[in-house]
Undergrad: 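Below is one structure. I have some questions about it.
The chain is numbered in sequence order, starting from 1. Computation of the quantities below employed the complete heavy-atom set of this structure, encompassing side-chain atoms and omitting hydrogens, waters and symmetry-equivalent molecules.
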Amino acid sequence: MDYSKVKVLIITGFGLNCERETAAAFRNSGATPELVHLNDLLAGKRRLDEFHVIAFIGGFSFGDHLGSGTVFANRVKYSLRDQLERFVADGKLVIGICNGFQTLTRLGLVPAINKQYFEQQAALAPNDSGTFRDDWIYLQANPASPCIFTKGIDLIRLPIRHGEGKFVAEPAMLQQIEANQQVVFRYANADGSVAADFPANPNGSLHAIAGICDATGRIFGMMPHPEAFLSPFNAPDWTTRKQEGKLPARGEGCAIFDNAVSFAAAQLL
């Protein structure tokens with residue numbers, strides 16, 4: 001299977017700053033990523049239908065004015081909605097990481113309960129700690145989730161770096177997200193148990209939610225940064241693991257991008 005035929009759109013500009021890491025992640029999984037400035041999409045110089053995967057990346061789009069991801073989401077929603085609707089209807093993949101996850105919730109692409117895309121149903125609020133958090137955490141994957149990106153993943157360790165990562169939703173909406181198995185990742189302790197307390201739950205997220213998807217599993221948003229753990233040497237304890245003979249060949253974040261590229265390539269056959 002020729003994974004290089006999978007074209008990934010990485011939207012850049014206006015305070016976003018994880019484009020190189022995200023491009024490296026998809027390239028490492030065999031795909032062909034391309035960095036495109038939001039202005040070029042808005043001006044019609046490039047189109048979403050040229051690609052098979054869209055990545056909304058991390059950073060601080062528009063300085064987090066009006067709330068993280070809000071301005072960026074509005075620019076996309078009111079200028080690219082038709083293209084994005086077709087992209088989703090065609091069964092293609094969308095991932096939002098950190099600021100990208102914040103953008104997806106404000107766009108209404110996740111959780112999109114009852115297929116109500118472009119209607120905001122959840123949000124990422126300021127951390128309970130009131131401060132920006134930069135740390136390494138554990139995530140427990142939900143095996144019943146339909147998420148394409150997390151197939152085969154159980155307990156995974158990834159870095160976080162955010163000030164607005166507390167997942168919130170109205171009780172009735174939260175109940176539907178849970179019932180539909182749209183919770184993809186929860187913050188966890190090292191033993192895999194759900195983390196209710198700081199620092200394992202770094203922001204106070206309701207139900208310890210760190211990532212969700214839409215009902216199809218093809219649109220996925222998460223707060224931690226898998227693109228920042230592509231090499232085993234990214235981990236803070238790599239020297240200890242090397243001495244113990246437990247240093248893996250690749251970083252744990254690679255699995256998320258491997259899953260996406262494999263799925264997208266299969267759709268091209």
Undergrad: Does Phe149 form a side-chain contact (heavy atoms from CB on, under 4.5 Å) with Phe257? I'd like the steps, not just the answer.
TA: CA-CA 7 Å; Phe149 296 82; Phe257 302 98; over 6 Å; no

Undergrad: Any idea which heavy atoms bring Ala188 and Ala200 closest together, and the distance?
TA: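 Heavy atoms only, the tightest pair is O-CB, 3.9 Å.
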
Undergrad: When you compare the side chain of His52 with that of Val8, does any pair of heavy atoms fall below 4.5 Å?
TA: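 They are not in side-chain contact.
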
Undergrad: Okay, side chain of Asn99, backbone of Phe60: is any donor-acceptor separation there less than 3.5 Å?
TA: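 No: the side chain of Asn99 does not pair with the backbone of Phe60.
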
Undergrad: Hey, is Asp258 close enough to Arg250 for a salt bridge, meaning N to O under 4.0 Å?
TA: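 Result for this pair is yes, salt bridge flagged.
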
Undergrad: Here's a test for you: under side-chain contact (heavy atoms from CB on, under 4.5 Å), which of Leu124, Asp214, Ile219 qualifies with Leu104?
TA: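 Going through the options one by one, the only one that passes is Ile219.
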
Undergrad: Treating Ile, Leu, Val, Met, Phe, Trp and Tyr as nodes and any side-chain heavy-atom pair under 4.5 angstrom as an edge, say whether Met173 and Phe220 lie in one connected cluster.
TA: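 Linked, Met173 and Phe220 end up in one cluster.
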
Undergrad: Under the side-chain contact (heavy atoms from CB on, under 4.5 Å) criterion, do Thr103 and Val76 qualify, and how do the steps go?
TA: CA-CA 9 Å; Thr103 299; Val76 171; 5.5 Å; no

Undergrad: If hydrophobic clusters are built from ILVMFWY residues whose side chains come within less than 4.5 Å, do Phe118 and Val71 share one?
TA: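 Phe118 and Val71: one cluster.
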
Undergrad: Any ion pair linking Arg86 and Asp49 (charged N to carboxylate O, less than 4.0 Å)?
TA: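 Looking at Arg86 together with Asp49, the answer is no, because their closest N to O distance does not fall below 4.0 Å.
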
Undergrad: Give a yes or no answer on whether the side chain of Thr105 reaches the backbone of Gln102 with a donor-acceptor pair at less than 3.5 Å.
TA: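 The answer is yes, because a donor-acceptor pair under 3.5 Å joins these two groups.
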
Undergrad: Determine, for Arg157 against Asp237, whether the closest basic-nitrogen to carboxylate-oxygen distance falls under 4.0 angstrom.
TA: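 Between Asp237 and Arg157 there is a salt bridge, with a charged N closer than 4.0 Å to a carboxylate O.
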
Undergrad: Salt bridge check, Glu85 against Lys92: does any charged N sit closer than 4.0 Å to a carboxylate O?
TA: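 No, Lys92 and Glu85 are not salt-bridged.
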
Undergrad: Could you state the interatomic distance from NZ (Lys151) to OG (Ser262), rounded to the nearest 0.5 Å?
TA: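 Between Lys151 NZ and Ser262 OG, I get 12.0 Å after rounding to 0.5 Å.
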
Undergrad: Would you say the side chain of Ile97 lies within less than 4.5 Å of the side chain of Cys18, judging by non-hydrogen atoms?
TA: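 Counting from C-beta outward, Cys18 and Ile97 never come under 4.5 Å.
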
Undergrad: Taking the six-membered ring for Trp, are the ring centroids of His207 and Phe167 within less than 6.0 Å of each other?
TA: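 Here the rings of Phe167 and His207 have centres that are no less than 6.0 Å from each other.
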
Undergrad: Is there a donor-acceptor pair closer than 3.5 Å between any side-chain N or O of Glu21 and the backbone N or O of Ala23?
TA: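 Not a single qualifying donor-acceptor pair exists.
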
Undergrad: Which heavy atom in Met1 sits nearest to a heavy atom in Ala265, and how many Å separate them?
TA: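 Of all heavy-atom pairs spanning Met1 and Ala265, the closest is SD-CB, 3.4 Å.
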
Undergrad: Looking just at side-chain N and O atoms, do Tyr138 and Asp191 make a donor-acceptor pair shorter than 3.5 Å?
TA: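 Per modelled atom types, Tyr138 and Asp191 side chains form no pair under 3.5 Å.
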
Undergrad: What heavy-atom pair brings Gly58 and Cys98 nearest, and what distance separates the two atoms?
TA: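 Here Gly58 and Cys98 meet closest at CA-CB, 4.3 Å.
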
Undergrad: Search all heavy atoms of Cys147 against all heavy atoms of Val184 and return the closest pair with its distance.
TA: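 Nearest pair, atom of Cys147 first, then Val184: CB-CG2, 3.7 Å.
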
Undergrad: Donor-acceptor pair, Lys7 side chain versus Val53 backbone, under 3.5 Å?
TA: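 Answer holds: no.
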
Undergrad: How close do Phe132 and Arg161 get, counting heavy atoms only, and between which atoms?
TA: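 Scanning both residues completely, I find the closest heavy atoms to be CZ-C, 3.4 Å.
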
Undergrad: With rounding to the nearest 0.5 angstrom, report the CZ to CZ distance, Phe14 to Phe62.
TA: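 That separation rounds to 4.5 Å.
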
Undergrad: Rounded to the nearest 0.5 Å, what separation is found between the CZ atom of Arg218 and the CG atom of Asp90?
TA: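 With rounding to 0.5 Å, CZ (Arg218) is 9.5 Å from CG (Asp90).
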
Undergrad: Would a single hydrophobic cluster contain both Leu247 and Ile156, if residues Ile, Leu, Val, Met, Phe, Trp and Tyr are joined by side-chain heavy-atom contacts under 4.5 Å?
TA: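 No, separate clusters.
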
Undergrad: Under the side-chain contact (heavy atoms from CB on, under 4.5 Å) rule, what do Phe101 and Ile95 come out as? Steps first, then yes or no, please.
TA: CA-CA 8 Å; Phe101 184 19; Ile95 185 171; over 6 Å; no

Undergrad: Hydrophobic clustering (ILVMFWY, side-chain heavy atoms < 4.5 Å, transitive) - are Leu269 and Phe263 grouped together?
TA: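 In one cluster: yes.
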
Undergrad: Less than 4.5 Å apart, any side-chain heavy atom of Leu139 and any of Ile137?
TA: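 Yes; the side chains approach each other to less than 4.5 Å.
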
Undergrad: When the ring planes of Phe233 and Trp238 are compared, do they come out parallel, tilted or perpendicular, using 30° and 60° as the limits?
TA: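 If you compare the ring of Phe233 with that of Trp238, the planes turn out perpendicular.
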
Undergrad: Within a strict 4.5 Å, meaning less than it, do heavy atoms of the Leu107 and Leu84 side chains meet?
TA: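 Touching, per the 4.5 Å side-chain cut-off.
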
Undergrad: Does Ser231 reach the side chain of Asn234, with side-chain heavy atoms less than 4.5 Å apart?
TA: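 Yes, close enough: below the 4.5 Å cut-off.
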
Undergrad: Which distance, rounded to the nearest 0.5 Å, do you find between the CD1 of Ile148 and the CD1 of Ile256?
TA: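 Reported to 0.5 Å precision, the distance equals 13.5 Å.
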
Undergrad: What do the steps show when you test Asn142 against Phe185 for side-chain contact (heavy atoms from CB on, under 4.5 Å), and what is the final call?
TA: CA-CA 6 Å; Asn142 174 13; Phe185 278 136; over 6 Å; no

Undergrad: Between Pro159 and Pro224, is there a side-chain heavy-atom distance shorter than 4.5 Å?
TA: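 Side chain of Pro224 against side chain of Pro159, heavy atoms only: no contact under 4.5 Å found.
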
Undergrad: Classify the side-chain pair Asn180/Gln182 by whether it contains a donor and acceptor separated by less than 3.5 Å.
TA: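 Yes, Gln182 and Asn180 have a side-chain donor paired with an acceptor closer than 3.5 Å.
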
Undergrad: Check whether more than 12 heavy atoms from other residues, nucleotides or ligands sit under 6.0 Å from atom CD of Glu244, and answer yes or no.
TA: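 Enclosed.
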
Undergrad: State which residue, out of Asp197, Asn201, Asn203, fulfils the side chain to side chain donor-acceptor pair (under 3.5 Å) condition with Tyr187.
TA: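 Passing option: Asn203.
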
Undergrad: Looking at Gln83 and Leu48, would you say the former's side chain and the latter's main chain have a donor-acceptor pair under 3.5 Å?
TA: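 It does hold such a pair.
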
Undergrad: Check whether any side-chain N or O of Thr70 sits under 3.5 Å from a backbone N or O of Leu66 as a donor-acceptor pair, and report yes or no.
TA: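 Judged by distance alone, yes, a pair lies under 3.5 Å.
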
Undergrad: May I ask you to say whether Glu178 pairs ionically with Arg186, meaning some side-chain N is under 4.0 Å from a carboxylate O?
TA: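 Between Arg186 and Glu178 there is a salt bridge, with a charged N closer than 4.0 Å to a carboxylate O.
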
Undergrad: Do Leu158 and His225 come close enough that some side-chain heavy atom pair is under 4.5 Å?
TA: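 No - every pair of side-chain heavy atoms lies 4.5 Å or more apart.
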
Undergrad: Can a donor-acceptor pair be found, under 3.5 Å and without considering hydrogens, that links the side chain of Thr32 to the backbone of Ser4?
TA: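 Yes.
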
Undergrad: If hydrophobic clusters are built from ILVMFWY residues whose side chains come within less than 4.5 Å, do Val183 and Leu155 share one?
TA: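 No, Val183 does not connect to Leu155 through the hydrophobic network.
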
Undergrad: Could you tell me which non-hydrogen atom of Arg133 sits nearest to which non-hydrogen atom of Pro199, and how far apart they are?
TA: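 For Arg133 versus Pro199, the nearest heavy atoms are NH2-CB, 3.5 Å.
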
Undergrad: Taking atom OG of Ser145 and atom CD of Gln181, what is their separation to the nearest 0.5 Å?
TA: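 The CD atom of Gln181 is 7.5 Å from OG of Ser145, to the nearest 0.5 Å.
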
Undergrad: Test Pro33 against every option in Val6, Ile10, Leu9 by the side-chain contact (heavy atoms from CB on, under 4.5 Å) rule and name the one that passes.
TA: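 Checked Val6, Ile10, Leu9 against Pro33; only one passes side-chain contact (heavy atoms from CB on, under 4.5 Å): Ile10.
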
Undergrad: With side chains defined as the heavy atoms from C-beta onward, is the minimum distance between Ile54 and Leu93 less than 4.5 Å?
TA: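 No, side chains not in contact.
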
Undergrad: Is a side-chain donor or acceptor of Asn127 paired with a backbone partner of His162 at a separation under 3.5 angstrom?
TA: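 Yes, because the side chain of Asn127 sits within donor-acceptor range (under 3.5 Å) of the backbone of His162.
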
Undergrad: Rounded to the nearest 0.5 Å, how far does CD of Gln267 lie from NZ of Lys5?
TA: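 CD of Gln267 is found 14.5 Å from NZ of Lys5.
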
Undergrad: Checking Gln116 against Gln121: is there a side-chain donor and acceptor pair closer than 3.5 Å?
TA: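 Yes, a side-chain donor-acceptor pair sits under 3.5 Å.
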
